[in-house]
Amino acid sequence: RDVAVTGVQTCALPILSECYPSSNPDINRDPAQQWVWEDDATVRPAADKRLCLATDALEKDGGSKGTAFLQVCDGRAEQHW
């Protein structure tokens with residue numbers, strides 16, 4: 001996911017950092033900004049596959065409007081995309 005911070009194109013998760021050299025995923029060379037979509041339908045940072053991208057959108061109250069965050073993978077529905 002790309003976000004704009006003070007006019008600079010950045011790449012989010014696991015650490016917010018400026019995209020290197022571009023936010024285009026085909027040419028981004030920063031290993032901290034590379035992700036793997038696993039066969040179990042989880043999205044994990046390539047640098048630490050024990051973590052999963054998760055969302056709180058499935059909570060009864062809708063969570064924080066679908067906020068995405070990293071947590072240790074444990075198979076819960078919120079970690080499947």
Side-chain angles (χ1 to χ4, degrees):
R1 178 167 189 254
D2 295 340
V3 295
V5 176
T6 60
V8 175
Q9 191 72 16
T10 60
C11 292
L13 298 174
I15 298 170
L16 190 64
S17 62
E18 188 170 348
C19 297
Y20 176 77
S22 165
S23 62
N24 179 337
D26 293 329
I27 59 174
N28 187 310
R29 295 190 300 254
D30 186 343
Q33 298 170 350
Q34 295 174 2
W35 296 84
V36 177
W37 188 6
E38 296 286 354
D39 290 338
D40 65 356
T42 58
V43 177
R44 303 173 186 226
D48 189 351
K49 291 187 182 177
R50 67 185 178 84
L51 299 175
C52 283
L53 184 64
T55 181
D56 58 6
L58 298 177
E59 293 180 13
K60 287 183 181 179
D61 65 356
S64 300
K65 300 186 186 208
T67 302
F69 51 91
L70 286 174
Q71 64 183 194
V72 175
C73 300
D74 61 9
R76 67 181 74 186
E78 294 88 345
Q79 298 173 346
H80 293 85
W81 298 86

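What you are looking at is a predicted structure, and each value in this text was computed from that prediction instead of being measured. The figures that follow rest on heavy atoms only: side chains count, while hydrogens, waters and symmetry mates do not.
- Looking at residues two or more places apart in sequence or on another chain, you find a side chain to side chain donor-acceptor pair (under 3.5 Å) between Asp48 and Arg50.
- With sequence neighbours excluded, the residues that form a salt bridge (Lys or Arg N to Asp or Glu O under 4.0 Å) with Asp74 are Arg76.
- Contact detail for Pro45 and Leu70: the closest heavy-atom pair is CD-CD2, 4.0 Å.
- Here the CD-CD distance, from Gln79 to Gln71, works out to 4.5 Å after rounding to the nearest 0.5 Å.
- Here the straight-line distance linking atom OG1 of Thr42 with atom CG of Leu53 works out to 9.5 Å at 0.5 Å rounding.
- Taking CZ of Phe69 as the start and CD of Glu78 as the end, the distance is 7.5 Å to the nearest 0.5 Å.
- Here the closest heavy-atom approach between residue Lys49 and residue Glu38 is recorded as CD-OE2, 3.4 Å.
- With sequence neighbours left out, the side-chain contact (heavy atoms from CB on, under 4.5 Å) criterion links Ala41 to Trp37, His80.
- A single hydrophobic cluster is not seen to contain both Val72 and Val36; linkage of ILVMFWY side chains at heavy-atom distances under 4.5 Å, directly or through other members, places them apart.
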